[in-house]
Amino acid sequence: MEIPKQYDPKESEQNHYERWESQGCFAPEVNRDENAPVFSIAIPPPNVTGSLHMGHALQHTMMDVLTRYKRMCGYRTLWMPGMDHAGISTQLMVSRDLKKEGLTRHDLGREKFIERVWKWKAESGGQITKQMRREGVSVDWSREKFTMDEDLSRAVRETFVLLYEQGMIYRGNRIVNWCPNDQTVLSDLEVQKDPQPGKLYYLRYPLKDGSGTVTVATTRPETMLGDTAVAVNPNDERFRDLVGAALSLPLTGREIPIIADEFVDVEFGTGAVKITPAHDPNDYEMGVRHSLPQIVVIDTHAKMTDDAGAEFAGLDRYKARALVIEKFEELGLLEKVDDYEFSISKCERCRTVIEPLISMQWFLRMDTLRVLGLELLEGFKKPRFVPEVPYEKVYANWLENLRDWTISRQLWWGHQIPAWYTAEGEVIVARSAEEARAKAGTDELTQDPDVLDTWFSSALWPFSTLGWPDETVDLKTFYPTSVLVTARDIIFLWVSRMVMMGMHFIGNRPFDDVFVTGTILDKHGQRMSKTKMNGVDPLEVFDKFGVDATRLTLASVGASDTRWNEKQVESYRNFANKIWNAARFCLMNAEGATVEPSWHAHPASAERLNAGVDEHGQDARAASLHDRWIDSRLNKTARDVRQALAEYQFHEAVQTLYHFFWDDFCDWYIELTKSEVTAEEPSPERDAARGRLLSVLEQALRLLHPFMPYITEDLWQRLPGVGSEFHHPAYREAAPTIMLAAYPEGEASLINEDIEWEMQALIDLISRVRNIRSEMNIKPGEPVRIMIGAPDEKLRAVFSANTNQIQRLVRASEVTISAKLEAPKASARAVLVGGAEVAVPLEGLIDFEAERNRLGKEKEKLQAEATKLEAQLANPQFAERAPAEKVEGIRARLADIAQRTMQLDQTIENLR
RNA sequence: GCCCGCUUGGCUCAGUGGUAGAGCACUCGCUUCACACGCGAGGGGUCAUAAGUUCGAAUCUUAUAGCGGGCACCA
């Protein structure tokens, strides 16, 4: 069999995904066990306009690891894919295309425009789904959803109608965040505060009676044209006598009162605040409290209205600002202008400065909904946030302070609000136009032109995708989902809303756990963003290092933020290559052997392997130390990986697998089994060793598969003897694939600490001798004799059973083992565990002084440790209060050090 | 302003109340019949600073500094 020396990720990435998908391996129906436990994930639907970025790749990797792992464990597994219609983004993107043709959406009209958007979606939308296939995600594409699909739209209308009927949705004239560029209202969460240097203007308002002026401070002088009061704190001595007095508002000739309100901060500015109820959220509230009139002076295009006065009408808000200041200066009413840094609200999408406006919009009342979320959290600890700190607190805190949600948007692309108006202005909310006409008793209806906030439909995602409002099998089976994997920036925008909607409509949480991933930063620690152009394209990383290596890198990010480090991907690329070459070795020596499906699950295997050391080497088939050792290590690895994944410790799982495969399997097991496996002549022993090697590899590939789907499948398919009988029992009928193989159990009975201790003694021996070779500058090809002294009988047995291996791994010509070491004076020595010693006779090669120094250094190290331990032991309170096992451990360690030190002393003395 | 997180070898990061870990980088030696994307052997950190709790703290508490993030109605 020809296998190249270097792993080519592209080839295996091309060869398996299509087969997995077309054979239905991703669909839960592949599982034929009716009683199988269920695992489900709803993907955070990417925007239809989007393309794959690191954040997606990160989340998708984690979700895929979990999904593939659970599937291999026999769960009925559904990872639901889909996309979000992304109202504003998509509308803007299509509008931009139109602009190139010199058109606006208004030229086309609503219907044609929407047709155009659908056309765009069919042609170039959803690029990301192709890119996701490259990632290897095991989502069930046969169930793919889009938030604007008819069934999901129906769910949206249903929820809207129900919420309206329940009095939770209302329409009202409120102050809202308005984007003058996008020409739509935005929710609080779509607005970003940007700190900016600006000016604080101090304006004088004359008292009507001419007895003086009151100075107010403002960052937005143009809004003074809409002022309807000046407010002071009722406890402010300075203004006590002025409350109730009238001011003459400059430039307008209007008369406005001075009112008292607790809200006013005595410390800030002058202590007197101008109140513009129509153009500031706080002023709006205060206006409502004091029944102040609302004068609209800025329109939806951020231009001044006629009510701003003839001089200002039609001016842009910033031009108006300059003019207001100019006028105040002329009138001698501009007291001063200070430099001032403050936060300005901007549209998250287009960065235009938000204009607070009073506008008729639809709102969703949050008072009862947020209580549902809080009760679920406080009463049932659901969802469980991982990591719990800080997200649970942040989430709870946000729910506590939640305000009503502005759900209408002045867009065309989205779910049009299912509300109709009669000629008389009566509001009819219905599931369809027919229902509305029936309810209204007339055909003369106009539907509300607005659409719903994109996040409204996203909030329904975990159940709308499963068929709600119908009571489908999918809904019953897969809701609540098992876990939500997401970035922290949409905890409020999305996570909390899914919880509230899920509780309200299904009466149950949408997911058990929320795993919040870290963020991948650029190498300077900055967030990756389009505007900064500092993003790393995952597809380029795939091309350069392979998908599997990238996935390992991403899985290692876990829950904390990490700077992008290409070196790390490179090292995992090397790991993939290591796997490739280990398998290459196994396959090059596979003749006469096959993988045994029952190898690890065989009822007798544990018994057989733990039958005890066969000191006579009678059972050549399975009694070797390294065979039983790799078994123990493999099962411990499986156990640890399972545990790590249960706690979403992806990094831990990757580390465990990496070190098992590279250190245990490649560096030791393959090396120790090589002499058996590479024997020239066929023999039952050789073929048995080959079979064991292949079986360990096969198990290791299964362990790695959730993280590295491509290379593991590629290699697994090449193993002699693999088939559907390797599958988890739930998948026996499916065509052979590693993705349906049973995930190794991590059987406790196969984890054997005695065996691991024995193997560790062997590893130590080999390492110490190699160290001597290296330190003594013995040429790699030069054979040495080694002499081992071991008073412990068990250790002697371990070493004698492995003399061949020792010879091979340290290039020894001869290995002698005795209870007491009697080596020539001219030897380099090392002290081992259990009072054992090793000596390498080096006639003529050894510099006695250098060797004494080398041993002296080792002794110093031991002494330093002993000093610390003794001090600890000498403390009477330590012996008294520390747990007995700790004290015992330290005593034992000290005894060991004492023995080694004594042996070192003797050795050093002998070298004189 | 309030809240939170981070600060561990040159770099990127794990970790933990009881003898400091990995990968990369570095040093030395190797084309040893799976792999130079490799093999073997090494060097390197008083775990930001200070005080406290404890028999014992890098790990818990508090304060400080630097960095990062979230929230907030300061005109």
Side-chain angles (χ1 to χ4, degrees), chain A residues 3 5-7 193 200 216-220 223 231 263-265 267-276 280-286 340 342-343 387 389-391 393-394 397-398 401 488-489 491-492 519 521 523 525-527 545 549 556-558 560-568 570-589 649 651-652 654-655 658-659 666-667 670-671 674 678 766-767 770-775 777-781 808-811 864-866 868-869 871-872 875-883 886-887 889-890 893:
Chain A
I3 304 173
K5 278 176 138 185
Q6 219 172 63
Y7 171 54
K193 300 280 172 109
L200 190 57
V216 296
T218 180
T219 54
R220 302 195 55 196
T223 62
F263 170 78
V264 179
D265 180 355
E267 304 290 321
F268 190 88
T270 60
V273 192
K274 59 187 273 317
I275 303 300
T276 322
D280 181 280
N282 300 317
D283 293 4
Y284 174 84
E285 298 288 335
M286 203 180 296
Y340 181 62
F342 64 105
S343 286
V389 177
Y391 301 115
K393 200 173 157 186
V394 169
N397 204 0
W398 188 74
N401 300 310
R488 73 170 84 85
D489 50 0
I491 290 178
F492 305 146
T519 308
L521 308 169
K523 62 183 172 186
Q526 300 289 309
R527 288 184 77 104
F545 298 106
S556 298
V557 169
S560 53
D561 293 358
T562 306
R563 297 178 190 209
W564 178 252
N565 181 1
E566 200 176 271
K567 281 283 180 193
Q568 205 189 347
E570 197 179 320
S571 84
Y572 285 126
R573 188 269 319 262
N574 296 352
F575 179 55
N577 196 53
K578 187 74 179 176
I579 296 170
W580 182 259
N581 277 289
R584 181 166 176 262
F585 172 79
C586 298
L587 291 169
M588 281 165 69
N589 296 287
Q649 301 283 336
H651 179 270
E652 180 74 20
V654 170
Q655 289 303 305
Y658 183 95
H659 290 294
C666 292
D667 288 352
I670 289 183
E671 293 305 326
K674 237 176 201 172
T678 59
I766 292 166
S767 303
R770 283 172 170 172
N771 174 252
I772 288 171
R773 292 191 64 114
S774 180
E775 300 257 314
N777 289 317
I778 297 168
K779 289 203 178 69
R808 186 189 166 89
L809 293 181
V810 302
R811 294 242 165 177
E865 194 187 335
K868 263 200 225 164
L869 296 176
Q872 211 173 335
N875 185 339
Q877 284 170 312
F878 172 68
E880 219 173 278
R881 303 193 192 186
K886 292 286 178 204
V887 181
I890 288 181
R893 178 70 185 143

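Worth knowing before you read on, the calculation uses all heavy atoms, side chains too, and leaves out hydrogens, waters and symmetry mates. So that the names make sense, note that chain A is the first sequence line, chain B the second, and so on, each numbered from 1.
The A:S343 side chain lies nearest to B:A72 when the options are B:U19, B:C24, B:A72. In this structure, the nucleotide among B:C37, B:A41, B:G40 sitting nearest to the side chain of A:N577 is B:C37. Listed nucleotides: B:C74, B:A34, B:G18. Nearest to the side chain of A:K886: B:G18. Distances were taken from every side-chain heavy atom of A:K193 (C-beta onward) to each of B:U32, B:A34, B:C74; the shortest belongs to B:C74. Closest to the side chain of A:K868, from the set B:U12, B:A20, B:A75, is B:A20. Of all nucleotides listed (B:A75, B:G23, B:G40), B:G23 comes nearest to the side chain of A:S571. For A:D667, the listed nucleotide lying nearest its side chain is B:G40; candidates were B:G40, B:G70, B:G18. Which of B:C4, B:C30, B:A34 sits closest to the side chain of A:K674 comes down to B:A34. The listed nucleotides are B:A41, B:A75, B:G15; the one nearest the side chain of A:F342 is B:A75. Counting only heavy atoms from C-beta on, A:E865 has its side chain closest to B:U19 among B:A22, B:U19, B:A41.
Taking atom P on both nucleotides, B:G38 is separated from B:G23 by 11 Å, rounded to a whole Å. A distance of about 15 Å separates the C1' atoms of B:G9 and B:U27, rounded to the whole Å. Using atom C1' as the reference point in both B:A65 and B:C26, the two lie 32 Å apart (nearest Å). Look at the C1' atom in both B:A72 and B:C4: the space between them is 15 Å, to the nearest Å. Nucleotides B:G10 and B:A25, compared at atom C1', are 7 Å apart to the nearest Å.
Both the sub-6.0 Å distance and the 45° axial angle are not jointly satisfied by A:K578 relative to the ring of A:Y658.
Between the CG atom of A:N565 and the C1' atom of B:C13 there is a distance of 9 Å, rounded to whole Å. Counting to the nearest Å, the C1' atom of B:G40 and the CD1 atom of A:I772 are 14 Å from each other. To the nearest angstrom, P of B:A22 lies 14 Å from CD of A:E652. Between the P atom of B:U19 and the CG atom of A:L869 lies a distance of 9 Å, rounded to the nearest Å. Across the protein-nucleic acid pair, A:N282 atom CG and B:A75 atom P stand 9 Å apart, rounded to whole Å. Rounded to whole angstrom, the span from the CG atom of A:D489 across to the P atom of B:G69 amounts to 13 Å. Straight-line distance from the CD1 atom of A:I778 to the P atom of B:G29: 16 Å, rounded to whole Å. Distance A:R770 CZ to B:C30 P: 16 Å, rounded to the nearest Å.
Using a 30° and 60° split on the angle between ring planes, A:Y340 and A:F342 fall in the parallel class, below 30°.
Within the 4.0 angstrom heavy-atom criterion, only backbone atoms of the sugar-phosphate kind lie near A:K393; the bases stay farther away. A:R220 comes within 4.0 angstrom of no nucleic acid atom, judged by non-hydrogen atoms across all strands. A:P390 comes within contact range of the sugar-phosphate backbone alone, with a heavy-atom separation under 4.0 Å but no base atom that close. As judged by a 4.0 angstrom heavy-atom cut-off over every strand, A:Y340 is placed among residues touching the sugar-phosphate backbone only. Using a 4.0 Å heavy-atom criterion, one finds that A:E267 contacts no nucleic acid atom at all. The residue A:V557 sits apart from the nucleic acid: no heavy atom pair falls under 4.0 Å. Residue-level contact check: A:C666 touches the bases, meaning some heavy atom is under 4.0 Å from a base atom. Using a 4.0 Å heavy-atom distance criterion, A:N771 is classed as a sugar-phosphate-only contact. At a threshold of 4.0 angstrom between heavy atoms, the contacts of A:E671 include nucleobase atoms, whether or not backbone atoms are also involved. Using a 4.0 Å heavy-atom distance criterion, A:P876 is classed as making no nucleic acid contact. Across all strands shown, A:Y7 has no heavy atoms under 4.0 Å from either base or sugar-phosphate atoms.
For A:Q568 against B:U12, a side-chain-to-base donor-acceptor contact under 3.5 Å is absent. No hydrogens or angles were tested; on distance alone, a donor-acceptor pair under 3.5 Å links the side chain of A:K578 to the base of B:C35. One cannot find a donor-acceptor pair under 3.5 Å joining the base of B:C35 and the side-chain atoms of A:R584.
In this structure, A:S774 contributes its side chain and A:N771 its backbone to no donor-acceptor pair below 3.5 Å.
The partner of B:A25 cannot be assigned: no Watson-Crick or G-U wobble pair with both contacts below 3.5 Å exists in any strand. Across all strands shown, B:U49 pairs with B:A63; the Watson-Crick or G-U wobble distances both stay below 3.5 Å. As the counterpart of B:C73, no nucleotide is assigned, since no Watson-Crick or G-U wobble pattern has both distances under 3.5 Å.
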